Every structure is written in C-alpha cells, then in structure tokens.
Chemist: 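One structure follows; several queries about it will come next.
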Amino acid sequence: MDFNDTPEQAAFRASAADWLAANVPTKEETEGLNRLQVAKLWQKRKYDAGWACIGWDPAYGGRGASAIEQVIWKQEEAKYDVPAGFFVIGQGMMAPTLMAYAQPQHLERYLPKLASGEEIWCQLFSEPAGGSDLAALRTKAEKDGDEWVINGQKIWTSGAHYSDFGCVVVRTDPTVPKHKGLSYFFIDMKSPGIEIKPIKQLTGESDFNEVYFTDVRVPDSQRLGEVGQGWQVSLTTLMNERAAIGAGSSGVNVNLAIQLAKEVMIDGKPAIEDSAVKARLANFYVEEAGLKFTSYRTLSALSRGDIPGPENSIGKLVGAPKMQQLASFCMDLLETSGAIWDTSRSKLADNIIGSYMGAPGLRIAGGTDEIMTNIIAERVLGLPQEPRMDKGIPFMDVPTG
Amino acid sequence: MDFNDTPEQAAFRASAADWLAANVPTKEETEGLNRLQVAKLWQKRKYDAGWACIGWDPAYGGRGASAIEQVIWKQEEAKYDVPAGFFVIGQGMMAPTLMAYAQPQHLERYLPKLASGEEIWCQLFSEPAGGSDLAALRTKAEKDGDEWVINGQKIWTSGAHYSDFGCVVVRTDPTVPKHKGLSYFFIDMKSPGIEIKPIKQLTGESDFNEVYFTDVRVPDSQRLGEVGQGWQVSLTTLMNERAAIGAGSSGVNVNLAIQLAKEVMIDGKPAIEDSAVKARLANFYVEEAGLKFTSYRTLSALSRGDIPGPENSIGKLVGAPKMQQLASFCMDLLETSGAIWDTSRSKLADNIIGSYMGAPGLRIAGGTDEIMTNIIAERVLGLPQEPRMDKGIPFMDVPTG
Amino acid sequence: MNFEFSEEQQMLRDQARNYLTQHCPTTLVRRVLNNRETHDADLYKGIAEMGWTATTIPEEYGGLGMSHLELVVIAEELGRACAPVPFSSTVYLAAEAIMALGTEAQKQTWLPKLADGSAIGCFALGEAGGAVTPDQISTSMADGVINGTKVPVADGGIADVAIVVCKSDGGDGATLALVDLSQDAVAKDNVQMIDFSRGHAELTFNGACAEVLGEEGAGWAAVESLMNSAAILFAWEQIGLADKALEQAREYALGRFAFGRSIASYQAIKHKLAKMYVKNTLARSNAYYGAWALNAGASDLAVAAATSRVAAIQASLFSAEENIQTHGGMGFTWEFDCQFYYRRAKLLSLAVGSEKQWQGRLVDGLAASA
Amino acid sequence: MNFEFSEEQQMLRDQARNYLTQHCPTTLVRRVLNNRETHDADLYKGIAEMGWTATTIPEEYGGLGMSHLELVVIAEELGRACAPVPFSSTVYLAAEAIMALGTEAQKQTWLPKLADGSAIGCFALGEAGGAVTPDQISTSMADGVINGTKVPVADGGIADVAIVVCKSDGGDGATLALVDLSQDAVAKDNVQMIDFSRGHAELTFNGACAEVLGEEGAGWAAVESLMNSAAILFAWEQIGLADKALEQAREYALGRFAFGRSIASYQAIKHKLAKMYVKNTLARSNAYYGAWALNAGASDLAVAAATSRVAAIQASLFSAEENIQTHGGMGFTWEFDCQFYYRRAKLLSLAVGSEKQWQGRLVDGLAASA
C-alpha cells in the first residue's frame with residue numbers, strides 16, 4: 001500500500017498540472033458565454049493540446065493513456081471549476097459502443113469530433129413503460145428499403161436538446177422474446193420527425209427530455225450490430241454507464257455538515273459537541289469515507305488492468321440515500337430555518353435543500369436503489385434471479401397490467 | 001376515547017382481583033414443586049373456581065366471558081408471577097381447532113381436562129424441510145384399516161416432552177399439489193413409535209423438540225376435517241397462533257434501559273443526559289409505545305366484536321428486532337462489562353444478554369420477520385403474491401434444491 | 001377501556017374527507033405551489049364556513065366548544081389533502097395560545113375572528129438557525145411596544161395577529177406578545193420555503209404596539225406547553241400525509257408492470273410498502289394516545305406529545321421519500337403529485353421543533369417520571 | 001497510488017487461511033465454547049510457531065520486524081476462524097504497549113516471550129460498567145506496588161503479564177503498570193462473557209509488584225494511542241468475521257428451498273445479503289485506510305482508527321445477526337455455527353470501546369482538523 005505516485009505517475013501529474021495551470025479558461029475568456037459554450041471552448045482547447053479523451057487511440061484524438069493516467073488527469077482537472085457534464089454520455093458511453101460496433105469510416109468521421117466537443121451525443125434508451133425493465137421498450141423500427149422508419153417515444157434523455165447525434169435502441173421484432181427483438185442505431189438528432197420536450201423535475205430544473213419519434217428515417221448503415229442484436233450492443237453502453245455516473249461528488253458532504261454544526265448552537269454549545277449530532281455525523285462519514293476508499297481500491301485494480309465490475313454499483317447505492325439523509329440532517333440542524341429555500345437568506349440553502357430535492361432523482365436515475373441492490377445480489381454474490389414472467393414469451397404477449 | 005372501565009367492566013375486574021388476591025398460590029404451597037407442577041396446581045385451582053379459559057362455553061369449563069373480560073382477567077392475572085406458558089398452545093390454538101372440527105364426544109372428553117390443566121397439548125406442524133413454507137411438510141400417513149400409520153419427523157415442537165396429546169398435520173397424498181394432500185389428526189403423545197429429542201438453542205436452553213414418528217398408529221376417528229382438508233384445518237390453528245404469541249412482554253424494555261442509563265456515567269454525567277443516548281432511547285420508546293397503543297386499539301376493536309386480523313403481525317415484526325437492538329444498546333451502555341454474562345456479577349446480565357441471545361429466536365419463531373412483512377404486504381395492503389413455483393404441481397415434483 | 005374515535009367523530013372525518021376531496025383536489029395544491037401563492041383564500045373561507053377553525057374555541061367566543069379529539073380528526077384530513085391554508089398557524093398555535101393565556105378582552109377581540117376565519121393568526125418564535133432558547137431571542141417588548149425580527153413565520157405574510165415570543169429579563173426568560181399585524185410598524189417580507197404551497201414570512205417589528213399575552217416572564221413555560229399541544233395536532237397532519245403517500249405508492253406499484261408482473265409483487269417494493277405501513281401504524285397509535293392525553297390533560301402529556309411528534313416525523317418523512325422511490329422516474333417529475341408530500345413532510349418536520357429536539361424532550365420526560 | 005496488499009501479503013493471507021482451516025476448524029471453536037475453556041493452548045502454540053505472534057516485534061527482540069500490514073492480514077484470518085486464542089490481548093495490546101513505551105529491560109524481558117508464544121499478555125483497563133475515564137480508576141500503584149481490581153480482563157486468567165491502567169494524581173490522570181502475573185499477590189477469577197470461547201477474568205492486585213510502563217502520569221495519552229492501533233487491528237478481525245458470516249448465510253440461502261425455489265432468489269433474502277456485502281465492503285475499505293494510516297503513522301490516524309472501528313462494529317454485528325435470520329430456525333440452534341459469530345461479534349464490539357465512544361472520537365477528530 002502506498003498513496004504516493006510512482007516517479008512516472010508523478011511526472012505525468014506534473015505535466016498535466018502545468019498544462020492546466022496555463023490553459024484553463026480565464027474569467028475574461030468566458031465572459032458572456034453560457035455553460036455549454038464554455039464547455040465547448042474548454043473541450044476544444046484540451047483536444048488541440050492532446051488532453052481530451054486521453055485514453056483513446058491517438059488516431060481518434062486521444063493519447064492512449066493508461067487507466068491510472070486517466071485518473072490522475074481527472075484529479076488534476078477536478079481542481080478547476082470547468083464544465084464537463086455535456087460530454088460525459090457521448091465520450092463515456094457512446095464512444096466505447098461505437099469503437100466496439102461501428103464501421104472504420106464511422107469511427108474516423110465521429111470520434112474526433114466527439115473528443116473535441118464539436119459534436120455532442122445523447123443516449124435514447126428509456127421509455128415510459130420501461131423504467132427498471134429497460135429492455136421492455138416499445139419504440140419500433142420498420143425496414144423500408146435501405147432505411148428504417150422509427151415511431152415511438154423515449155424518455156429521460158439527458159441533453160437531447162443540445163445533442164447532435166444519439167444512440168437509440170428500438171424494437172424491430174415484437175414476435176420474439178423481449179431481448180431478442182431489438183436493434184441499435186445512431187441517428188442525427190436533427191432528423192425530421194424528432195420532437196424534443198423537456199421534462200420538469202420536482203427540483204424545478206429540466207435536465208431530461210422526452211423525445212418523440214414520428215416516421216423518423218435512419219439509414220441501415222447507421223445500425224450498430226446485427227438486426228436483433230440490439231440488447232447486446234446496449235449492454236456495452238450500459239457497462240460504461242456505471243463507470244460514467246459514479247458516486248457523484250457534488251451536493252452536501254460531511255465536511256459541510258461539520259462546518260454547519262460548528263456554527264449552529266444546541267443548548268448553548270456548538271452542535272458539533274452534541275453527542276447525538278456526533279453519532280449521526282460519524283455514520284455518514286463511515287459511508288462517505290468507505291466509498292472514497294472503495295474507489296481507491298477500484299483505481300488500484302484499474303491500474304493493474306482490471307475492468308470495473310458490478311461491485312461498483314455500491315457507489316450510487318450508498319451515495320444517493322446518504323445524500324438525501326445528510327441533507328435532511330443538515331436542515332434539521334438549522335431547525336425551522338433549515339426549510340428556507342432562499343439563497344439571499346441562507347448561503348447553504350441551495351446546496352442543502354438542493355441536495356434533499358435532487359437526491360430522490362439520484363436514487364432512481366441509472367438504476368434505482370432496488371435495481372442496484374439486485375445487481376450486487378446477482379452479479380457480485382451470484383444469487384439467483386427472481387422468477388421471470390416474461391422469459392421466452394413473445395414480447396407482444398408479456399403482461400403489462 | 002376513554003381509558004376507564006365501564007361500570008360492568010370495573011365490577012368484573014374487582015371480582016377477578018379479589019379472587020386472585022385470595023387464591024394465588026403462596027410460597028409455602030409451591031415449595032419444592034417445579035414450574036410445571038406449580039402451573040398445574042394453579043390451573044386446576046382456577047378451573048375449580050370458574051376462572052380457567054373464561055371465554056369458553058360453560059359446558060367445557062369456561063364462563064362464556066366476553067373478549068374484553070378476557071383481557072381484563074389477563075391484565076389482573078399478569079400482576080402475579082404465576083406460570084402460564086405450558087397451556088398456551090393447547091388452550092389457545094388446539095382448543096379452537098377442536099371446537100371447529102372435532103366430534104361432540106371428543107369435546108366433552110378433552111376440553112375440560114385441557115381447561116383444568118390436567119392434560120397438556122402440543123402442536124406438530126413444522127418440519128426440517130418446511131420452515132417458512134409450512135405446507136411443504138413430508139411426514140406421511142398411510143391408511144391401514146381404521147387406522148393411519150405415520151412416519152416422518154416434526155421439529156420446533158414446544159413442550160412435546162410434557163404433552164399428553166398433540167395435533168399433527170401429515171401428507172396423505174403426495175401426488176396432488178402441496179396444500180391439497182394434507183390431513184389433520186390429534187394423537188396420544190405416548191403412542192408407541194413416537195420419539196422426542198430436545199433441541200438445544202443457542203441460548204443454551206431447550207424449549208423445542210424434534211419429534212420422530214416411526215409407524216405410529218392413530219385411529220381414523222381422531223382425524224379433524226376430511227382427508228385432504230388438513231391445510232384448512234391448520235389455518236384455524238394458525239389464525240389463533242397470531243393471537244397467542246403476540247408481542248412478547250418479557251425481556252428488556254425502555255424502562256429498564258432508562259434505569260441503566262441513570263446509573264451508568266458518560267463523560268462524568270449520567271448516560272441518560274447524553275443526547276445520543278436520548279435519541280436512541282426515544283426511537284425505541286416510539287416503537288414500544290406504538291405497539292402498546294396499537295394493542296389497545298385492537299382491544300377496543302375486539303370488545304366491539306371484531307376478530308383480530310393480519311395487522312396484528314406488527315407486534316412480533318416490530319417487537320422482536322426491537323428487543324435485539326435494545327439489548328445490544330444496553331450492553332453498549334455498560335461498555336466492556338456489558339458482555340459479562342454472569343448473574344453474580346451483574347443483576348441485569350441475564351435479562352439483557354438473555355434478551356440479546358433470545359431475540360434471534362423471536363425474530364424467527366411463528367413466522368420470520370420476512371414472512372410477517374409478507375403478511376402485512378399481502379393481507380393488509382392487498383399486494384400480489386410473488387410468483388409461486390410450486391403452484392398446481394404435484395407435491396412430489398416440486399423443486400427442493 | 002375504549003381507544004377509538006366515537007361515531008360522531010368518524011362522521012366528522014367522512015365529512016371532512018369528502019369536503020376536501022371536492023374543494024382541495026391536488027390541482028388546487030398544484031396551482032398554489034406553481035404560483036408560490038401564500039395560500040388559497042377561498043378554500044380557507046370554505047373551511048371556516050364548515051366550522052373547522054372554530055372547533056375547540058368555546059361557544060362564548062363564537063366557537064363550537066368541541067374537544068381536541070374532533071380537531072385531530074380534521075388535522076389528519078388537512079394533512080392528507082396537503083391543504084394550502086393557514087389552519088395550523090391560526091388554530092393549533094394562535095387560537096390555542098389565546099385560549100390558554102388571553103385576558104377576557106383579548107379573547108373577545110380575537111377568538112371570534114379566528115373562529116369564523118375572518119382573521120388569520122400566526123406564531124413567531126425563531127430568529128435564526130438552530131434550536132431556540134430564551135437567551136437567543138433578541139426581539140423585545142417594553143411599555144406596549146415591540147421591536148425585533150422573526151423569521152421564518154408560517155403564514156406571517158397573511159396573518160392579522162401574531163403571538164410573538166420576546167425576551168424577558170426576569171422570570172423564565174421570555175414573554176409572549178400579542179401583536180395586531182395591521183400596523184404600519186410591522187413589515188412583512190415573504191420567505192420561500194422548501195414547500196412552495198405554504199407561505200412564510202419575515203416579520204419585522206419597528207416599534208409596533210403589542211400587548212402582553214399571559215404573564216410577563218412566564219412566556220417560555222407557555223411556549224413549551226403550546227408546543228406540546230401543537231406537536232400532537234401537527235402529528236395528525238403528518239399521519240394523514242403519510243397515509244396518503246402510502247396509498248399513492250401502493251396504487252402506483254399495483255398498476256406498474258416490470259418484467260411481466262406488477263412491481264408491487266416484488267419484495268423490494270412490497271416490503272418497502274409494508275415498512276411504511278408499520279411506521280404509519282405506530283405513529284397513528286402513538287398519536288391516538290397523544291390525542292387522548294391532550295384531551296384529558298393527562299399528567300404525561302409532555303411524553304405523549306413528544307412520542308407523537310417523533311413517530312409522526314419519522315413516518316411522514318419515510319413515506320414521502322419512499323413514495324417517490326416507488327414511483328421511479330415519474331415520481332421525480334414536477335408533473336406528478338409525489339413532490340407535494342415530500343416538500344410538506346420536510347416542512348412539517350421542522351415546523352415546531354426537529355426530531356432531535358423532541359427525542360430529547362421525550363426521554364427527559366420519561367426519565368423524570370421513571 | 002497503490003491501495004492494495006502486496007503479493008507477499010496476499011501469500012501470507014493464503015498461508016494463514018490454510019493453516020486455520022486445518023488447525024482451527026469450527027469443531028475446535030465448538031469444543032472450547034462447549035467446555036467454556038479459556039482458550040486452545042495447542043492452537044496458540046501452533047500460531048506462535050507460524051510466527052504470527054512475532055509479526056511486528058523487532059528482530060532484536062525475537063520478532064520478525066514486519067509491518068502492521070502483515071499483522072492485519074493475520075487479524076482478518078483469525079476473525080474469520082473465530083479463533084479461541086489470546087492473540088489480540090497479547091499482540092494488539094500487550095506487545096504494542098511494551099514496544100511503544102517499554103524500557104530496554106522491559107522489552108528484553110517480555111517481547112521475546114510474547115513473540116515466541118511462551119508468554120501471554122493482557123491489558124487491564126475497566127473496573128466497572130460504563131466508559132472508563134481516568135477519574136473512575138481506583139487501581140493505584142506506588143513504590144512498585146499495585147493494588148486494585150480490574151474486570152473484565154480478556155485472557156486475564158491465563159496471561160503471564162498485564163498492562164494495567166492505574167490512577168495517577170498528576171499528569172493526565174493515569175499511569176501504566178507492567179505486572180508479572182505469576183505472583184501470589186495477584187488473584188485471578190474467571191468471568192463468563194457472552195462469548196464462551198474467549199476466556200476473561202477478574203484480576204485483583206493485593207500489593208503485587210509492578211513496574212511503571214512509560215512515563216508516570218502520561219498513561220492516559222498512552223491508552224488513547226494504544227486504543228487507536230487496537231481499533232484498527234480489531235477491525236480486521238471483525239471484518240474477517242463479517243465476511244465469514246455473509247458467506248455462511250449465502251451458502252445456506254442458496255441451498256435452502258421454500259415454495260419451490262431457493263430462498264436466495266427472494267429479494268427479502270437477496271437484498272439482505274447485498275446489504276451485508278455493502279456494509280462489509282465499506283468496513284473493509286475503511287480498514288484498508290486504517291491499516292495504511294497505522295503503518296505510515298499518518299497524521300489522521302485517530303480519525304482513521306475511529307472510522308475503521310465504527311464501520312467494523314456495524315458491519316460485523318449486522319452480518320452476524322442477519323446470518324442467523326437467514327438460516328431461520330436452524331440458525332437459532334446450538335448445533336449450528338451461526339452462534340459463534342453472533343457471540344464473538346458482540347464481544348468484539350465492546351472489546352476496546354463501544355460504537356458510541358468511537359463515533360464521538362471520530363467526529364472530534366474530524367472537527368479538529370476541519
């Protein structure tokens with residue numbers, strides 16, 4: 001065990017840090033730009049200097065960096081407040097899928113622009129009737145000459161409104177069992193017949209969209225994998241989702257709660273001296289630190305060449321409910337004032353109440369607590385699946401309530 | 001809402017209290033007797049005076065008392081340290097089953113001696129392979145003239161070693177689905193071929209037995225219900241089990257924990273002043289009081305003539321884990337000394353550690369936490385059963401691992 | 001022993017539920033929340049016309065002279081409906097305070113108006129974050145004049161009268177003031193809370209006229225006593241809310257299919273719902289005792305109130321949180337109603353003292369009597 | 001960065017697991033527990049011959065001079081095996097104390113014997129119920145003579161040497177004494193604990209000879225420091241135990257059928273096992289950091305120790321409790337092994353301070369550094 005970099009890693013870290021220090025956009029540069037514009041500017045600058053998607057093949061704009069180098073780069077970049085979320089899905093999930101299934105000419109056409117941030121991709125998987133049962137999707141595609149005609153509805157599509165391309169899974173054969181009748185395409189999000197409607201969340205924000213398909217035409221050449229092989233292709237995407245979403249480091253944390261507990265008084269003493277406050281904070285910290293050190297163990301395994309496995313579901317499974325309860329606890333520390341959601345009155349309100357309001361979404365997006373627990377039970381501990389009522393039955397005959 | 005007795009109830013309570021005050025066995029009377037002998041002495045005395053099984057028909061030794069009178073009697077009797085557990089199963093579970101299914105001559109023969117404590121009954125349902133799946137029992141009975149021949153093994157039989165009679169459910173037809181091939185008999189526990197072996201629990205005590213049946217013969221006249229109707233008859237017994245087991249009032253409680261917390265010091269002050277101790281005690285009390293007041297609500301419904309329903313599963317479901325965690329908490333209050341299990345050194349050890357060691361059994365006996373939760377989900381909230389892999393399949397073809 | 005509501009009380013419940021189903025549908029809650037309105041005035045008018053605001057106020061002051069058992073029945077229904085009205089501020093706090101402590105003149109002035117809904121009351125305690133103790137209060141009253149700032153005050157922006165906790169140099173450290181809010185010397189500034197459907201305000205008193213309510217220097221004991229009754233009344237609102245959230249989750253789960261069967265048939269969901277039921281049942285039973293103790297003025301009222309409140313906080317938060325979870329993605333949308341219960345449950349859990357405060361009061365009470 | 005055990009350490013783990021599988025089967029644990037023996041002397045002899053007792057003791061004192069990273073590997077395996085030996089008392093406490101505080105003579109006298117297993121050590125702190133503070137200690141030492149009673153002392157009945165915490169009028173209130181237990185002036189009385197497989201005793205010192213260990217009046221600081229390393233070492237035992245309990249539950253659930261399918265396919269059981277896995281994983285990751293911090297003498301060692309201990313207590317109790325529950329009725333029998341982990345988990349949770357104590361230390365440490 002050693003927390004220090006090897007000499008090679010230290011050298012890499014230093015060169016990353018140096019470049020960042022010299023190149024992170026200044027306030028003057030970003031003046032007047034919105035978050036998306038800043039993100040594109042920053043991504044392009046990284047790309048031009050060889051710091052975008054550094055794990056990728058140099059042919060597509062990367063530098064073939066090792067897993068641990070990618071982590072070091074992320075750690076160094078995270079020291080700056082630069083926007084990143086816009087490219088996560090495309091670079092983290094779509095790109096590995098393209099690399100596995102797309103034609104060489106597609107890779108040359110799309111990957112560099114994905115790396116440079118010039119084009120943004122989104123993922124069109126979830127449907128209203130699907131939810132945790134992702135493969136129960138109903139959006140259908142019918143062959144018409146060299147093209148497919150797509151009709152149906154997708155939901156929970158992050159970034160659909162600013163994306164240039166998207167990967168979509170559709171049902172091409174409802175007469176075979178659920179997983180066998182799917183196919184996978186990438187499409188131009190500006191195609192005629194695509195309508196995008198933002199979904200307002202209970203936080204008041206709109207991070208997701210509904211995407212309606214009405215006779216949307218996509219060339220057969222944009223199919224990834226064979227017809228009917230869409231589920232296998234999707235699994236490549238989803239395996240990379242786990243790594244891309246992670247525990248989520250924003251929102252309330254124990255450090256913030258401790259600062260708060262030092263300021264708030266209970267019975268004439270700082271709350272941090274109250275033993276009930278300590279017991280709860282300790283339990284939150286045990287989870288927070290446990291996740292951090294679990295991720296260090298994963299990194300060590302990654303740096304040895306291992307692939308992240310289903311055990312990484314633990315990050316979101318523990319982290320999301322922890323955020324909800326820790327935010328609730330922080331509000332409690334403030335008593336009635338803890339319910340004030342007004343930044344002009346409480347600097348912390350946005351962070352604390354924002355976390356309390358946002359956490360239910362974290363507990364659901366990318367796999368609910370219940371699905372994550374299933375994954376650990378089945379794929380880590382090797383416990384049997386529940387009986388499946390939809391197994392071997394033509395999709396169109398599966399009970400839907 | 002009114003916590004006071006009606007005038008009639010008050011009069012009944014007074015007469016019960018008077019009789020108890022004059023008749024509870026004195027120390028001199030019980031000198032040299034074991035618990036079973038004391039229990040029989042006390043039960044017979046109650047019977048002779050008309051205070052045994054007061055809810056029963058006077059023809060069988062009762063006095064036809066109302067539900068609320070039975071509660072009042074129990075409350076008054078509970079003020080004395082008199083042994084009672086020996087008769088609970090016979091009087092509380094077997095008697096109602098006999099009343100529903102037995103011949104008149106059986107009722108006359110058995111019920112009075114059950115009421116008087118002269119004869120003790122036990123229940124032979126569970127089997128090693130059954131567990132939560134009670135009806136998956138394998139002990140078989142084959143018809144031979146006017147008799148049945150029983151072979152197999154029962155487990156978890158309380159009091160088998162001191163019981164005179166027992167009710168046993170057996171499989172009389174393995175070629176039909178699980179619930180349809182069962183029949184129900186009462187048998188003489190002294191019958192040839194019955195062998196009883198006590199089971200040692202992890203507490204070191206032995207409250208249960210294994211009971212082995214080797215060619216045990218029982219007359220067909222001792223069958224309750226039709227051949228193949230054993231499951232329905234069992235349900236009558238089990239419905240009464242829920243009422244008989246209840247929340248369990250022995251073991252640690254919040255009051256004891258508070259006394260302890262007043263004596264033990266934390267940071268130079270009584271633990272009861274520590275805010276973390278308060279938070280935990282409050283949560284335990286919320287459960288304890290919540291159960292108490294829930295039982296009051298049930299009593300009110302009973303006194304109106306309602307039958308206790310599946311919602312009473314809540315008592316054991318909440319009470320048993322509460323006992324485990326409260327006992328653990330009390331040990332923690334004492335720090336390392338809390339792990340001393342030596343009554344000569346710690347008056348409370350038997351109660352606290354006894355509760356911690358016994359609670360796992362309470363969480364299992366009479367339906368595990370998981371089964372109790374299922375009962376609430378399915379029978380109270382009306383949620384669907386899980387898919388059943390044994391439905392409609394001949395019992396002998398059901399997968400058993 | 002009889003631990004049930006009477007037939008008349010059951011009828012009152014049916015009547016209240018019917019009224020609110022009709023006059024307080026979730027579309028109304030949604031409108032108030034969407035627009036961040038302080039309350040729905042028409043609904044409150046209707047509620048007052050039903051006589052609910054008058055429930056426990058004596059007949060001589062225009063009330064119905066009924067007991068707290070009737071009031072908790074109404075509280076539960078208002079909680080179920082997530083009603084956006086200043087009922088709790090007016091009835092559980094202002095009216096209770098005036099009934100308990102007011103002079104004849106104060107009662108005559110305010111109770112009839114609170115009873116018929118023509119006046120709204122509020123209770124102003126906190127001034128900053130954290131638990132309030134008398135020495136943290138800076139609002140002061142002298143010679144009939146009050147100065148200071150209170151925030152957040154539930155319904156403070158629309159109230160006609162406020163009970164304001166002021167510091168006192170003598171006695172137990174606090175004095176209650178009765179303040180007519182229709183004065184220029186009172187400034188009201190809206191404060192947005194986590195629950196957009198319940199208006200709150202910052203009240204600033206710039207030398208406003210005020211009367212002492214109750215005894216000078218005995219205000220803190222009065223606050224504690226008032227908190228006990230409020231804890232029980234709020235608990236019933238929370239239980240109504242918790243049960244509604246459970247029902248909503250149950251209904252959604254039954255109708256939602258995944259992998260070919262209803263999600264309500266998965267133990268991950270059905271046991272979650274059963275756990276809600278257990279918590280709600282324990283909370284309800286504790287609140288039964290709380291209601292009885294409040295009505296009977298039982299000696300263990302403080303413990304009963306604390307038990308009711310702790311149980312109600314735990315049950316309502318759990319049910320509101322897991323209701324969203326049961327709904328999955330749809331539960332996280334603005335469009336679905338789950339958010340009402342989530343916001344309201346958290347607001348109510350902080351309304352008259354946090355879980356931790358009441359856990360402390362609960363055990364202090366038990367320890368004193370054990 | 002490398003947050004893994006080295007290959008050599010992994011090999012040591014395999015070796016330890018193989019040795020204990022062979023020499024410490026559950027039948028051995030069962031025999032000790034059944035007969036309430038203080039320990040298994042042959043097993044301890046074998047363990048000493050393997051060199052485990054010598055792990056961190058410097059070579060000059062007959063040890064192997066290895067690091068704490070090797071020791072935690074062994075601790076985990078001893079925890080898995082529920083080994084009935086005085087390893088923790090001797091190695092985590094007595095040897096650590098003498099290494100940290102002893103004079104050259106004290107080290108020369110005791111470390112070689114503790115290293116080769118010819119002497120057993122123990123640590124005597126508590127005298128009555130509750131958390132120990134210096135002012136609650138009445139055992140005293142003056143002029144090389146010790147008087148007082150300590151109870152319960154793990155392995156006190158079989159130990160050759162004890163580190164005894166005595167009161168001190170000056171300094172931080174405590175002084176450590178090194179006491180040879182082979183004196184007539186030391187009385188040993190067995191004390192039965194919840195775990196019958198681990199002997200404990202009451203030690204009474206009637207004017208026995210004693211040496212000061214470390215500085216007079218600096219004993220409390222030494223105790224706190226010793227508790228930090230012990231917390232981490234015990235945590236690894238607890239994690240070994242917790243994982244073993246999870247494995248046992250998993251295996252039983254997979255093989256047990258109800259309603260026609262493995263009970264491991266029911267979410268009530270599979271989610272329970274997943275929850276064990278999550279707690280065990282968090283505890284293990286925290287203990288990784290604890291081990292690193294102990295080995296590196298990190299500045300946040302106190303926080304790392306507290307985090308390791310709180311997580312390990314929670315994980316081991318949960319896994320031991322729910323292992324029985326997963327087994328159903330059979331898990332509650334004397335005959336099944338579930339009871340070993342249940343008893344041991346609770347004993348270990350109280351061995352060097354309760355969860356609550358360490359929650360306090362954890363947050364005090366965080367608050368001081370934040």
Side-chain angles (χ1 to χ4, degrees), chain B residues 126 128-133 136 155-156 178 199-204 206 208 260 263-268 271 274 276-277 324 328 331-342 345-346 353 356-357 359-361 363-365 368-370 373-374 386 388-391 393 398-401, chain D residues 125-133 135-136 151-152 154 190-196 200 202 254-263 265-269 272 317 321 324-325 327-336 338-339 342-343 346-347 349-357 359-360:
Chain B
S126 291
S132 294
D133 186 6
I155 197 169
W156 311 125
K178 190 169 72 176
I199 300 170
K200 192 170 174 185
Q201 295 146 220
L202 60 73
T203 56
S206 292
F208 308 109
L260 192 62
E263 289 165 22
V264 173
M265 305 294 279
I266 294 179
D267 293 335
D274 180 276
V277 170
Q324 187 171 33
S328 188
M331 292 167 76
D332 282 6
L333 277 181
L334 291 162
E335 293 285 339
T336 315
S337 297
I340 298 177
W341 197 356
D342 182 339
R345 293 180 182 276
S346 159
I353 303 194
Y356 188 67
M357 295 303 286
R363 288 181 59 192
I364 294 162
T368 61
D369 291 356
E370 291 74 22
T373 311
N374 260 5
E386 303 256 281
R388 288 284 287 271
M389 310 314 283
D390 56 354
K391 215 160 197 167
I393 299 173
V398 171
T400 56
Chain D
L125 172 61
E127 303 184 359
V132 186
T133 48
D135 59 338
Q136 286 175 311
V151 61
N190 280 339
V191 175
Q192 183 182 291
M193 306 297 279
I194 189 173
D195 180 0
F196 301 167
H200 283 61
E202 179 180 83
L254 282 169
R256 174 89 187 170
F257 273 54
F259 306 103
R261 57 175 163 122
S262 160
I263 64 169
S265 71
Y266 290 93
Q267 285 178 329
I269 297 296
K272 184 196 293 295
L317 287 176
E321 289 167 1
I324 296 181
Q325 183 70 13
H327 278 72
M330 299 313 299
F332 191 58
T333 62
W334 186 268
E335 186 193 346
F336 268 53
C338 303
Q339 59 159 322
Y342 191 64
R343 293 169 185 272
K346 192 62 210 177
L347 184 78
S349 79
L350 294 170
V352 285
S354 70
E355 180 188 12
K356 183 180 176 303
Q357 267 196 50
Q359 286 169 325

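Note on naming: letters A, B, ... go to the chains in the order of the sequence lines (proteins, then strands), and numbering restarts at 1 for each one. The structure presented is a predicted model; accordingly, all values stated were derived computationally and were not measured.
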Chemist: Please state whether the side chain, the backbone, both or neither of D/Val132 comes within less than 4.5 Å of a heavy atom of chain B.
Modeler: neither
Chemist: Begin from the C-alpha positions of D/Glu321 and B/Arg363 and carry the test salt bridge (Lys or Arg N to Asp or Glu O under 4.0 Å) through to its verdict.
Modeler: CA-CA 10 Å; D/Glu321 289 167 1; B/Arg363 288 181 59 192; 5.2 Å; no
Chemist: So which residue, B/Ile155, B/Val264, B/Asp274, B/Asp267, ends up with the most heavy-atom pairs under 4.5 Å with chain D?
Modeler: B/Asp274
Chemist: How close do D/Leu350 and B/Thr336 get, heavy atom to heavy atom, and via which atoms?
Modeler: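 Looks like O-OG1, 2.9 Å.
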Chemist: Kindly compute the distance separating OG1 (B/Thr368) from CD1 (D/Ile269), expressed to the nearest 0.5 Å.
Modeler: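 B/Thr368 OG1 to D/Ile269 CD1: 7.0 Å, rounded to 0.5 Å.
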Chemist: Using every non-hydrogen atom in the two residues, find where B/Asp332 and D/Ser354 come nearest and quote the distance to one decimal.
Modeler: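 For B/Asp332 and D/Ser354, the tightest heavy-atom pair comes out as O-CB, 4.2 Å.
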Chemist: Using the rule given for side-chain hydrogen bond (donor to acceptor under 3.5 Å, both in side chains), can you reason through D/Thr333 versus B/Lys200, listing the C-alpha separation, both sets of side-chain angles and the distance that settles it, and then say yes or no?
Modeler: CA-CA 6 Å; D/Thr333 62; B/Lys200 192 170 174 185; over 6 Å; no
Chemist: For a quick test of reading the model, state the closest non-hydrogen atom pair linking D/Gly329 to B/Ile364 and the distance between them.
Modeler: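 Here D/Gly329 and B/Ile364 meet closest at N-CG2, 3.4 Å.
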Chemist: Could you go through the side-chain hydrogen bond (donor to acceptor under 3.5 Å, both in side chains) check for D/Gln357 and B/Glu335 one step at a time?
Modeler: CA-CA 9 Å; D/Gln357 267 196 50; B/Glu335 293 285 339; 2.9 Å; yes
Chemist: D/Ala128 versus chain B, heavy atoms under 4.5 Å apart: side chain, backbone, both or neither?
Modeler: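 When you check distances to chain B, only backbone atoms of D/Ala128 fall under 4.5 Å.
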Chemist: Measuring heavy-atom distances to chain B, does D/Ser262 have an atom under 4.5 Å in its side chain, in its backbone, in both, or in neither?
Modeler: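 Neither part.
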Chemist: With a 4.5 angstrom heavy-atom cut-off, could you sort out which part of B/Ser328 is near chain D: side chain, backbone, both or neither?
Modeler: both
Chemist: Please determine whether a side-chain nitrogen of the Lys or Arg among D/Arg261 and B/Asp390 lies less than 4.0 Å from a carboxylate oxygen of the Asp or Glu.
Modeler: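 No salt bridge links D/Arg261 with B/Asp390.
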Chemist: Which of parallel (below 30°), tilted (30 to 60°) and perpendicular (above 60°) describes B/Tyr356 and D/Tyr342?
Modeler: parallel
